[in-house]
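In each ligand, atom 1 is the first atom listed, and ligand 1 is the first ligand listed.
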Amino acid sequence: MWRRVASLSSLISSSNSSFHGQVPAACRLTIWESLTTGIAQQAKGVSKEKTPFITFVLGGPGSGKGTQCIKIVETFGFTHLSAGDLLRQEIASNSADGAMILNTIKEGRIVPSEVTVKLIQKEMESNDNHKFLIDGFPRSEENRIAFERIIGAEPNIVLFFDCPEEEMVKRVLNRNQGRVDDNIDTVRKRLKVFEALNLPVINYYSQRGKLYTINAVGTVDEIFEQVLPVFTASEDQEVSAKELRKSSWGKANRS
Ligand code: UDP
Ligand code: MG
């Protein structure tokens, strides 16, 4: 496992693989469909005037999820919810679950789904924005199913930052953020958990045509170049869908 240099994308069954500058027609169609056929369904667990637009941001430890989320927020006005940060805030606030969360994170395991989903739900409910980047979640099929059950929504887009393992290890051990889990033993465990539990989630979204795989090796700007068209296309399609609804053609064809 440690010597594997090949990117994880070989383990993913099919994918809207990375693209450069132009979103392929198939991807554009997927995004258009998600905006017009109700996949962006009403979220029962989040009371909002507008239907939430949800992006899940997935990838192994150190694959650059958080860094790219900052750029997506700046450019496209999403609200960034990092599941790991929400869990670390729970530890810091000495909440009832704090000690359990700390032990789980130290061991590189996954916190019970209900705990994480409730934290995400609270943030979604208290935020006026309807566009959310959910970073580092869902980490397992159980996480995914709990989100769908409690929030009552599916993501519109799933980004997967695909990075070779030795690059992820190097980044995590060099990042010096004082995290209890950024040590070689815990990183090994996190990578095992990622491969066993998170890759099935990535495969699931690939099969549903929602996955956008980004090659996570390169400079921050080079990687963002691949991320940009995913959201530019979704913005274009959001505008087109609105125009279509307003136009007489749209009205005539809806009846
Ligand atoms: N974690 C979890 N559920 C989540 C997100 C994070 O249990 O939905 C825990 C898990 O133990 C993980 C740790 O928090 O290893 C750190 O997660 P984060 O996303 O901050 O870091 P990453 O491993 O992606 O670098
Ligand atoms: Mg992170």
Side-chain angles (χ1 to χ4, degrees), residues 1 8 54-73 78-93 95 97-124 132-151 155 158-202 204-205 214 216 220 223 227:
M1 179 174 168
L8 287 165
I54 297 168
T55 299
F56 285 157
V57 182
L58 303 180
S63 59
K65 304 182 292 290
T67 306
Q68 291 296 320
C69 280
I70 293 169
K71 293 191 73 82
I72 298 166
V73 166
F78 278 78
T79 292
H80 178 204
L81 303 179
S82 156
D85 286 351
L86 293 176
L87 292 168
R88 284 183 282 273
Q89 276 168 30
E90 275 300 283
I91 298 171
S93 70
S95 80
D97 289 325
M100 178 275 290
I101 296 172
L102 177 59
N103 283 329
T104 310
I105 288 182
K106 272 187 185 160
E107 290 168 18
R109 290 184 291 111
I110 298 175
V111 171
S113 299
E114 290 257 326
V115 172
T116 315
V117 175
K118 290 275 158 70
L119 292 174
I120 293 172
Q121 183 182 33
K122 204 167 87 190
E123 293 297 314
M124 288 177 78
F132 296 99
L133 278 183
I134 302 184
D135 162 7
F137 178 95
R139 289 178 116 83
S140 64
E141 282 288 273
E142 204 223 311
N143 267 182
R144 174 183 71 72
I145 291 161
F147 183 91
E148 282 173 17
R149 177 171 52 81
I150 296 170
I151 308 291
V158 180
L159 290 183
F160 167 42
F161 289 97
D162 187 19
C163 194
E165 280 185 9
E166 75 275 23
E167 175 69 20
M168 293 196 270
V169 174
K170 201 171 76 191
R171 290 182 190 172
V172 168
L173 297 181
N174 283 334
R175 70 185 173 189
N176 279 330
Q177 292 173 345
R179 279 174 50 171
V180 291
D181 54 348
D182 281 354
N183 57 76
I184 188 67
D185 288 343
T186 313
V187 176
R188 276 180 203 274
K189 290 180 188 158
R190 285 155 71 192
L191 284 168
K192 276 196 184 136
V193 167
F194 173 73
E195 195 161 330
L197 301 181
N198 211 328
L199 284 185
V201 178
I202 291 165
Y204 173 86
Y205 288 120
I214 307 294
V220 172
I223 297 166
V227 171

> For ligand 1, which atoms have a heavy atom of Ile110 less than 4.0 angstrom away?
Replying inline: 7 (O)
> Are Phe56 and Phe160 near enough that their ring centres are under 6.0 Å apart?
Replying inline: no
> Taking all non-hydrogen atoms of both residues, which atom of Ala83 and which atom of Thr116 are closest, and how far apart?
Replying inline: CB-CG2, 4.1 Å
> Where is the nearest protein heavy atom to atom 8 (O) of ligand 1: which residue, which atom, and how far?
Replying inline: Phe137 CD1, 3.3 Å
> In terms of residue, atom name and distance, what is the protein heavy atom nearest to atom 6 (C) of ligand 1?
Replying inline: Arg139 NH1, 3.4 Å
>> With a heavy-atom distance limit of 4.0 Å, tell me whether Arg175 approaches ligand 1 through its side chain, its backbone, both, or neither.
In response: side chain
> Distance-only, no hydrogens or angles: does the Thr186 side chain make a donor-acceptor pair with backbone N or O of Lys106 under 3.5 Å?
Replying inline: yes
> Which option out of Arg179, Arg190, Lys65 puts a heavy atom nearest to atom 18 (P) of ligand 1?
Replying inline: Arg179
>> Out of all atoms in ligand 1, which are within 4.0 Å of some heavy atom of Ala83? Include the element for each.
In response: 4 (C), 5 (C), 8 (O)
>> As an exercise, identify every atom of ligand 1 less than 4.0 angstrom from a heavy atom of Gly62.
In response: 25 (O)
> At what distance is the nearest protein heavy atom to atom 11 (O) of ligand 1, and which residue and atom is it?
Replying inline: Arg109 O, 2.5 Å
> Less than 4.5 Å apart, any side-chain heavy atom of Asp182 and any of Arg175?
Replying inline: yes
> Do ligand 1 and Ser82 have nitrogen or oxygen atoms that lie under 3.5 Å from each other?
Replying inline: no
> Looking at Val220 and Gln68, what are the two nearest heavy atoms and their distance?
Replying inline: O-NE2, 3.1 Å
> Which atoms from ligand 1 have a heavy atom of Thr116 less than 4.0 Å away?
Replying inline: 8 (O)
> Got a salt bridge between Arg144 and Glu148, using NZ or NE/NH1/NH2 to carboxylate O under 4.0 Å?
Replying inline: yes
> Between CZ of Arg171 and CG of Leu173, what distance do you get to the nearest 0.5 Å?
Replying inline: 12.5 Å
> Does the Arg139 side chain pair with the main chain of Val201, one donor and one acceptor, at a distance under 3.5 Å?
Replying inline: no
> Hey, is Arg190 close enough to Asp181 for a salt bridge, meaning N to O under 4.0 Å?
Replying inline: yes
> With a 4.0 Å heavy-atom cut-off (strictly under), which part of Leu87 contacts ligand 1: side chain, backbone, both or neither?
Replying inline: side chain
> Is the shortest N/O to N/O distance between Val111 and ligand 1 below 3.5 Å?
Replying inline: yes
>> Using a 4.0 Å cutoff against the non-hydrogen atoms of Gly136, which atoms of ligand 1 qualify?
In response: 4 (C), 5 (C), 8 (O)
> So is there a nitrogen or oxygen of Arg88 less than 3.5 Å from a nitrogen or oxygen in ligand 1?
Replying inline: yes
>> Nearest non-hydrogen contact with atom 9 (C) of ligand 1 belongs to which option: Val115, Ile105, Val193?
In response: Ile105
> Which bit of Asp181 is near ligand 1, meaning a heavy atom under 4.0 Å away: side chain, backbone, both or neither?
Replying inline: side chain
> Knowing that exactly one of Asp85, Val115, Ile101 qualifies, which makes a side chain to side chain contact (heavy atoms under 4.5 Å, CB included) with Glu90?
Replying inline: Ile101
